[in-house]
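What follows is a short report on a single structure.
Below, chains carry the letters A, B, ... as their sequence lines are ordered, and counting in each starts from 1.
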Amino acid sequence: MPELPDVEAFRRYLGATALHKRITEVVVKSRRVLEGVKSRRLREVLKGSRVEDSSRHGKYLFCELDNGQYLVLHFGMTGFLKYFKNEDQKPDHQRLILHLENGYRLVYDNQRLFGRVFLAEDRERFIRKQQLGPDALAVDFKRFASILSRGRGAVKTTMMNQQMLAGLGNIYTDEILFQARIHPKTKIAGLTEEELRNIFDQMKEVLEEAIEARADPRRMPETFLLLHRDENCACPRCGGPVKKISLSGRGSYLCPVCQENPE
DNA sequence: AGTACCACCTGACGGC
DNA sequence: TGCCGTCAGGTGGTAC
(Lines give C-alpha, C1' and ligand atoms only; values in the text may rest on other atoms or scores of the structure.)
Protein backbone atom coordinates (compact mmCIF):
# COMPACT_ATOMS: atom_id res chain seq x y z
CA MET A 1 0.00 0.00 0.00
CA PRO A 2 2.17 2.78 1.23
CA GLU A 3 3.78 4.95 -1.40
CA LEU A 4 3.90 8.74 -1.23
CA PRO A 5 0.14 9.38 -1.60
CA ASP A 6 -0.72 6.74 0.98
CA VAL A 7 1.74 8.13 3.50
CA GLU A 8 0.37 11.62 2.86
CA ALA A 9 -3.10 10.23 3.57
CA PHE A 10 -1.80 8.76 6.85
CA ARG A 11 -0.30 12.13 7.72
CA ARG A 12 -3.63 13.85 7.23
CA TYR A 13 -5.36 11.10 9.17
CA LEU A 14 -2.97 11.68 12.04
CA GLY A 15 -3.66 15.40 11.84
CA ALA A 16 -7.38 14.78 12.17
CA THR A 17 -7.08 12.32 15.04
CA ALA A 18 -4.17 11.90 17.45
CA LEU A 19 -2.44 15.22 16.89
CA HIS A 20 -2.02 17.33 20.07
CA LYS A 21 -3.30 14.57 22.32
CA ARG A 22 -1.09 13.49 25.18
CA ILE A 23 0.32 9.98 24.99
CA THR A 24 -0.39 8.26 28.29
CA GLU A 25 0.93 4.78 27.56
CA VAL A 26 3.10 3.11 24.92
CA VAL A 27 2.99 -0.58 24.06
CA VAL A 28 5.48 -2.14 21.69
CA LYS A 29 3.80 -5.30 20.42
CA SER A 30 6.60 -6.23 18.07
CA ARG A 31 10.12 -5.05 18.73
CA ARG A 32 11.11 -6.23 15.26
CA VAL A 33 9.76 -3.03 13.77
CA LEU A 34 11.99 -0.87 15.96
CA GLU A 35 15.10 0.36 14.18
CA GLY A 36 17.96 1.83 16.17
CA VAL A 37 15.89 2.27 19.31
CA LYS A 38 14.99 -0.03 22.18
CA SER A 39 11.43 -0.45 23.42
CA ARG A 40 12.33 1.09 26.73
CA ARG A 41 13.84 4.20 25.21
CA LEU A 42 10.94 4.64 22.81
CA ARG A 43 8.51 4.39 25.69
CA GLU A 44 10.45 6.89 27.75
CA VAL A 45 10.47 9.46 24.99
CA LEU A 46 6.87 9.01 23.88
CA LYS A 47 5.11 8.63 27.18
CA GLY A 48 3.78 11.95 28.44
CA SER A 49 4.52 13.77 25.19
CA ARG A 50 2.30 14.88 22.33
CA VAL A 51 2.66 14.85 18.58
CA GLU A 52 2.46 18.54 17.78
CA ASP A 53 3.21 18.52 14.07
CA SER A 54 3.69 16.11 11.20
CA SER A 55 5.50 16.11 7.91
CA ARG A 56 6.45 13.66 5.22
CA HIS A 57 9.49 12.98 3.09
CA GLY A 58 9.00 10.32 0.45
CA LYS A 59 7.44 7.35 2.21
CA TYR A 60 8.53 8.43 5.69
CA LEU A 61 6.17 10.09 8.15
CA PHE A 62 7.71 12.40 10.74
CA CYS A 63 5.75 12.95 13.92
CA GLU A 64 7.25 15.90 15.75
CA LEU A 65 6.89 15.61 19.50
CA ASP A 66 6.60 18.47 21.96
CA ASN A 67 9.93 17.38 23.44
CA GLY A 68 11.69 18.12 20.17
CA GLN A 69 12.19 14.52 19.07
CA TYR A 70 10.64 12.80 16.08
CA LEU A 71 8.79 9.53 15.92
CA VAL A 72 9.49 8.41 12.36
CA LEU A 73 7.27 5.83 10.69
CA HIS A 74 7.89 3.83 7.56
CA PHE A 75 5.10 1.52 6.49
CA GLY A 76 6.74 -1.13 4.35
CA MET A 77 4.27 -2.87 2.07
CA THR A 78 1.43 -3.41 4.48
CA GLY A 79 1.47 -0.69 7.13
CA PHE A 80 -1.16 1.83 8.16
CA LEU A 81 -2.39 3.92 11.08
CA LYS A 82 -5.61 3.36 12.95
CA TYR A 83 -7.23 5.59 15.53
CA PHE A 84 -9.98 4.01 17.58
CA LYS A 85 -11.49 3.69 21.02
CA ASN A 86 -13.14 0.31 21.34
CA GLU A 87 -11.27 -2.94 21.60
CA ASP A 88 -13.38 -4.54 18.88
CA GLN A 89 -12.04 -2.00 16.40
CA LYS A 90 -8.42 -2.93 16.83
CA PRO A 91 -6.63 -3.93 13.65
CA ASP A 92 -5.16 -7.42 13.18
CA HIS A 93 -1.43 -6.71 13.34
CA GLN A 94 -0.75 -4.04 15.92
CA ARG A 95 2.98 -3.36 16.24
CA LEU A 96 3.00 -0.13 18.23
CA ILE A 97 0.16 1.20 20.33
CA LEU A 98 -0.04 4.75 21.64
CA HIS A 99 -2.69 5.21 24.29
CA LEU A 100 -3.99 8.77 24.35
CA GLU A 101 -5.40 10.90 27.12
CA ASN A 102 -8.91 10.82 25.64
CA GLY A 103 -9.17 7.04 25.86
CA TYR A 104 -8.45 6.52 22.17
CA ARG A 105 -5.48 4.64 20.75
CA LEU A 106 -3.32 5.32 17.75
CA VAL A 107 -2.00 2.06 16.35
CA TYR A 108 0.79 1.44 13.90
CA ASP A 109 -0.29 -1.77 12.16
CA ASN A 110 2.08 -3.74 9.97
CA GLN A 111 1.19 -7.22 8.90
CA ARG A 112 4.36 -8.23 7.07
CA LEU A 113 6.82 -6.52 9.40
CA PHE A 114 8.59 -4.76 6.55
CA GLY A 115 7.85 -1.36 8.07
CA ARG A 116 10.08 0.40 10.57
CA VAL A 117 9.71 2.74 13.52
CA PHE A 118 12.56 5.14 14.33
CA LEU A 119 13.30 7.85 16.80
CA ALA A 120 15.18 10.87 15.46
CA GLU A 121 16.48 14.07 16.94
CA ASP A 122 16.98 15.87 13.68
CA ARG A 123 14.73 15.51 10.65
CA GLU A 124 17.24 16.62 8.01
CA ARG A 125 19.99 14.50 9.46
CA PHE A 126 17.68 11.50 9.41
CA ILE A 127 16.91 12.07 5.73
CA ARG A 128 20.61 12.32 4.96
CA LYS A 129 21.38 9.21 6.94
CA GLN A 130 18.75 7.25 5.02
CA GLN A 131 20.28 8.69 1.86
CA LEU A 132 16.92 9.78 0.54
CA GLY A 133 16.67 11.83 -2.61
CA PRO A 134 14.35 14.84 -2.74
CA ASP A 135 10.65 14.26 -2.19
CA ALA A 136 8.89 13.49 -5.47
CA LEU A 137 6.17 16.03 -4.77
CA ALA A 138 8.54 18.82 -3.75
CA VAL A 139 11.28 18.44 -6.36
CA ASP A 140 11.49 20.94 -9.22
CA PHE A 141 12.12 20.02 -12.84
CA LYS A 142 15.73 21.10 -12.94
CA ARG A 143 16.64 18.92 -9.98
CA PHE A 144 14.46 16.07 -11.27
CA ALA A 145 16.18 16.10 -14.64
CA SER A 146 19.66 16.24 -13.18
CA ILE A 147 18.94 13.42 -10.73
CA LEU A 148 17.31 11.16 -13.27
CA SER A 149 20.13 11.63 -15.72
CA ARG A 150 22.42 9.91 -13.20
CA GLY A 151 20.51 6.70 -13.80
CA ARG A 152 22.00 4.23 -16.25
CA GLY A 153 19.27 1.64 -16.40
CA ALA A 154 15.54 1.54 -17.05
CA VAL A 155 13.54 4.67 -16.29
CA LYS A 156 11.19 2.81 -13.93
CA THR A 157 14.01 1.34 -11.84
CA THR A 158 15.63 4.74 -11.49
CA MET A 159 12.41 6.50 -10.53
CA MET A 160 11.75 3.93 -7.83
CA ASN A 161 15.21 4.29 -6.34
CA GLN A 162 14.62 6.19 -3.08
CA GLN A 163 18.15 7.55 -3.14
CA MET A 164 17.37 9.24 -6.44
CA LEU A 165 13.83 10.36 -5.69
CA ALA A 166 11.86 9.66 -2.52
CA GLY A 167 8.26 8.52 -2.58
CA LEU A 168 7.57 6.53 -5.73
CA GLY A 169 6.89 2.81 -5.54
CA ASN A 170 5.78 0.14 -7.97
CA ILE A 171 2.16 1.19 -8.43
CA TYR A 172 2.58 4.92 -8.88
CA THR A 173 5.66 4.63 -11.07
CA ASP A 174 3.66 2.40 -13.41
CA GLU A 175 0.87 4.97 -13.30
CA ILE A 176 3.14 7.92 -14.09
CA LEU A 177 4.81 6.13 -17.00
CA PHE A 178 1.45 5.06 -18.37
CA GLN A 179 0.15 8.63 -18.24
CA ALA A 180 3.38 9.86 -19.84
CA ARG A 181 3.18 7.08 -22.47
CA ILE A 182 6.68 5.88 -21.74
CA HIS A 183 7.60 2.21 -21.61
CA PRO A 184 9.06 1.35 -18.18
CA LYS A 185 12.08 -0.35 -19.73
CA THR A 186 13.13 2.75 -21.65
CA LYS A 187 16.71 3.63 -20.81
CA ILE A 188 17.14 7.05 -19.22
CA ALA A 189 19.76 7.93 -21.82
CA GLY A 190 17.20 7.31 -24.56
CA LEU A 191 14.75 9.92 -23.25
CA THR A 192 14.39 13.27 -24.97
CA GLU A 193 14.13 16.49 -22.98
CA GLU A 194 10.48 16.65 -23.92
CA GLU A 195 9.81 13.14 -22.66
CA LEU A 196 11.60 13.90 -19.41
CA ARG A 197 9.46 17.00 -18.99
CA ASN A 198 6.36 14.95 -19.69
CA ILE A 199 7.28 12.35 -17.07
CA PHE A 200 7.87 15.14 -14.56
CA ASP A 201 4.51 16.78 -15.30
CA GLN A 202 2.66 13.48 -15.09
CA MET A 203 4.44 12.62 -11.85
CA LYS A 204 3.08 15.79 -10.25
CA GLU A 205 -0.35 15.30 -11.75
CA VAL A 206 -0.69 11.67 -10.68
CA LEU A 207 0.59 12.29 -7.15
CA GLU A 208 -1.70 15.28 -6.66
CA GLU A 209 -4.73 13.44 -7.95
CA ALA A 210 -3.96 10.40 -5.81
CA ILE A 211 -3.62 12.58 -2.71
CA GLU A 212 -6.83 14.35 -3.62
CA ALA A 213 -8.45 10.89 -3.71
CA ARG A 214 -6.97 10.20 -0.26
CA ALA A 215 -5.00 7.40 -1.90
CA ASP A 216 -8.26 5.48 -2.22
CA PRO A 217 -8.51 3.85 -5.67
CA ARG A 218 -12.29 4.11 -5.54
CA ARG A 219 -11.99 7.90 -5.65
CA MET A 220 -9.47 7.98 -8.48
CA PRO A 221 -10.17 8.93 -12.10
CA GLU A 222 -11.27 6.15 -14.42
CA THR A 223 -8.32 7.09 -16.63
CA PHE A 224 -5.89 5.69 -14.05
CA LEU A 225 -4.15 2.48 -15.01
CA LEU A 226 -4.03 1.38 -11.38
CA LEU A 227 -7.74 0.61 -11.54
CA HIS A 228 -6.95 -1.82 -14.35
CA ARG A 229 -3.93 -3.63 -12.98
CA ASP A 230 -4.75 -6.99 -14.38
CA GLU A 231 -3.56 -8.78 -17.43
CA ASN A 232 -5.96 -8.36 -20.36
CA CYS A 233 -7.91 -5.65 -18.60
CA ALA A 234 -8.89 -2.88 -21.04
CA CYS A 235 -6.47 0.03 -21.28
CA PRO A 236 -8.40 3.13 -20.13
CA ARG A 237 -6.98 5.10 -23.06
CA CYS A 238 -7.12 2.81 -26.10
CA GLY A 239 -9.15 -0.14 -24.86
CA GLY A 240 -6.45 -2.64 -25.78
CA PRO A 241 -5.30 -5.34 -23.36
CA VAL A 242 -3.10 -4.39 -20.44
CA LYS A 243 0.12 -6.36 -20.28
CA LYS A 244 2.22 -7.52 -17.36
CA ILE A 245 5.97 -7.73 -17.58
CA SER A 246 8.71 -8.29 -15.03
CA LEU A 247 11.26 -5.55 -14.42
CA SER A 248 13.96 -6.02 -11.81
CA GLY A 249 11.85 -8.58 -10.07
CA ARG A 250 8.68 -6.51 -9.82
CA GLY A 251 5.44 -6.93 -11.71
CA SER A 252 4.92 -4.01 -14.05
CA TYR A 253 1.66 -3.26 -15.82
CA LEU A 254 1.51 -1.25 -19.01
CA CYS A 255 -0.32 -0.78 -22.27
CA PRO A 256 1.90 -2.06 -25.10
CA VAL A 257 0.07 0.16 -27.59
CA CYS A 258 0.22 3.44 -25.66
CA GLN A 259 3.68 2.74 -24.23
CA GLU A 260 5.83 1.59 -27.07
CA ASN A 261 8.85 -0.50 -26.21
CA PRO A 262 11.92 1.36 -27.49
CA GLU A 263 13.72 -1.90 -28.31
C1' DA B 1 29.35 3.06 -9.03
C1' DG B 2 25.25 1.15 -10.75
C1' DT B 3 22.17 -2.48 -11.39
C1' DA B 4 19.89 -7.10 -10.71
C1' DC B 5 18.36 -10.55 -7.62
C1' DC B 6 17.17 -12.70 -3.35
C1' DA B 7 15.73 -12.67 1.35
C1' DC B 8 13.02 -10.83 4.77
C1' DC B 9 7.63 -11.72 6.61
C1' DT B 10 2.57 -12.90 6.53
C1' DG B 11 -1.53 -13.90 4.19
C1' DA B 12 -4.62 -14.36 0.14
C1' DC B 13 -5.78 -16.71 -3.87
C1' DG B 14 -6.04 -20.11 -7.59
C1' DG B 15 -5.24 -24.81 -9.13
C1' DC B 16 -5.36 -29.54 -8.22
C1' DT C 1 -11.65 -29.18 2.45
C1' DG C 2 -6.79 -28.95 2.19
C1' DC C 3 -2.24 -28.53 0.45
C1' DC C 4 0.98 -26.04 -2.48
C1' DG C 5 2.93 -22.71 -5.33
C1' DT C 6 2.77 -17.95 -6.42
C1' DC C 7 2.30 -13.37 -5.65
C1' DA C 8 1.79 -8.90 -3.04
C1' DG C 9 2.04 -1.20 -3.43
C1' DG C 10 9.29 -2.04 0.22
C1' DT C 11 14.04 -2.28 0.95
C1' DG C 12 18.67 -4.06 2.47
C1' DG C 13 22.51 -7.00 1.39
C1' DT C 14 25.07 -9.29 -1.93
C1' DA C 15 26.81 -10.67 -6.24
C1' DC C 16 27.99 -9.21 -10.77
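For A:Phe80 and A:Tyr13, the distance between ring centers is not under 6.0 angstrom. Ring pair A:Phe126/A:Phe118: centre-to-centre distance below 6.0 Å.
Separating the CZ atom of A:Phe80 from the P atom of B:dG11 is a distance of 13 Å, rounded to the nearest angstrom. A:Gln130 places its CD atom 16 Å from the P atom of C:dG10, with the value rounded to the nearest Å. Rounding to whole angstrom units, CE of residue A:Met159 and P of B:dG2 are separated by 18 Å. Rounded to whole Å, atom C1' of C:dT6 lies 15 Å from atom CZ of A:Arg250. One interatomic measurement links the two molecules: CG of A:Asn110 to C1' of C:dT11, which rounds to 13 Å at whole-angstrom precision. Protein atom OH of A:Tyr172 is 11 Å distant from nucleotide atom P of C:dG10, rounded to whole Å. Here C:dG9 presents its P atom at 15 Å from CD1 of A:Ile176, a figure rounded to the nearest Å. When rounded to the nearest whole Å, the span between OH of A:Tyr60 and P of C:dG9 equals 18 Å.
OP1 and OP2 of B:dT10 both lie 4.0 Å or more from every side-chain N or O belonging to A:His93. Contact annotation: A:Lys156 does not reach the phosphate of B:dA4 (side-chain N/O to OP1 or OP2, under 4.0 Å). Regarding contacts with the backbone of C:dG10, every side-chain N or O of A:Arg116 stays at 4.0 angstrom or more from both OP1 and OP2. The shortest distance between the side-chain N/O atoms of A:Lys59 and the OP1/OP2 oxygens of C:dT11 is below 4.0 Å.
Taking the P atoms as reference points, C:dT11 lies 22 Å from B:dA1, given to the whole Å.
Using a cut-off of 4.0 Å between Lys/Arg side-chain N and Asp/Glu carboxylate O, A:Glu121 and A:Arg125 are scored as not salt-bridged. Between A:Arg197 and A:Glu193, no side-chain nitrogen of the basic residue sits less than 4.0 Å from a carboxylate oxygen of the acidic one, so the salt-bridge criterion is not met.
Of the candidates B:dT10, C:dG9, C:dG10, C:dG10 carries the atom nearest the A:His74 side chain, counting heavy atoms from C-beta on. Comparing B:dT10, C:dG9, B:dA4 by their closest approach to the side chain of A:Ser248 singles out B:dA4. When distances run from any side-chain atom of A:Gln111 to the nucleotides B:dG11, C:dG12, C:dG9, the shortest one goes to B:dG11. Distance from the side chain of A:Phe114 is smallest to C:dG10 among C:dT11, B:dT3, C:dG10.
A:Gly151 comes within contact range of the sugar-phosphate backbone alone, with a heavy-atom separation under 4.0 Å but no base atom that close. In this structure, A:Thr157 reaches the sugar-phosphate backbone alone: every heavy-atom distance under 4.0 Å involves primed, P, OP1 or OP2 atoms, never a base. Note on A:Asn161: nothing from the nucleic acid sits closer than 4.0 angstrom, heavy atoms only. Among the protein residues, A:Arg150 comes within range of no part of the nucleic acid, since none of its heavy atoms lies under 4.0 Å from any strand. Residue A:Lys187 is classed as having no contact, given no heavy-atom separation below 4.0 Å to the nucleic acid.
Counting atom types as modelled, A:Asp6 pairs a side-chain N or O with a base atom of C:dG9 as donor and acceptor under 3.5 Å. Taking 3.5 Å as the limit, the base of B:dA1 and the side chain of A:Arg152 contain no donor-acceptor pair of atoms between them.
Summarising the local packing, CD of A:Gln89 is surrounded by more than 12 heavy atoms from other residues, nucleotides or ligands at distances under 6.0 Å.
In this structure, B:dT3 and C:dA15 make a Watson-Crick or G-U wobble pair, each of the two defining distances being under 3.5 angstrom.
Residues A:Val7 and A:Pro2 share a closest heavy-atom pair of CG2-CB, 4.1 Å.
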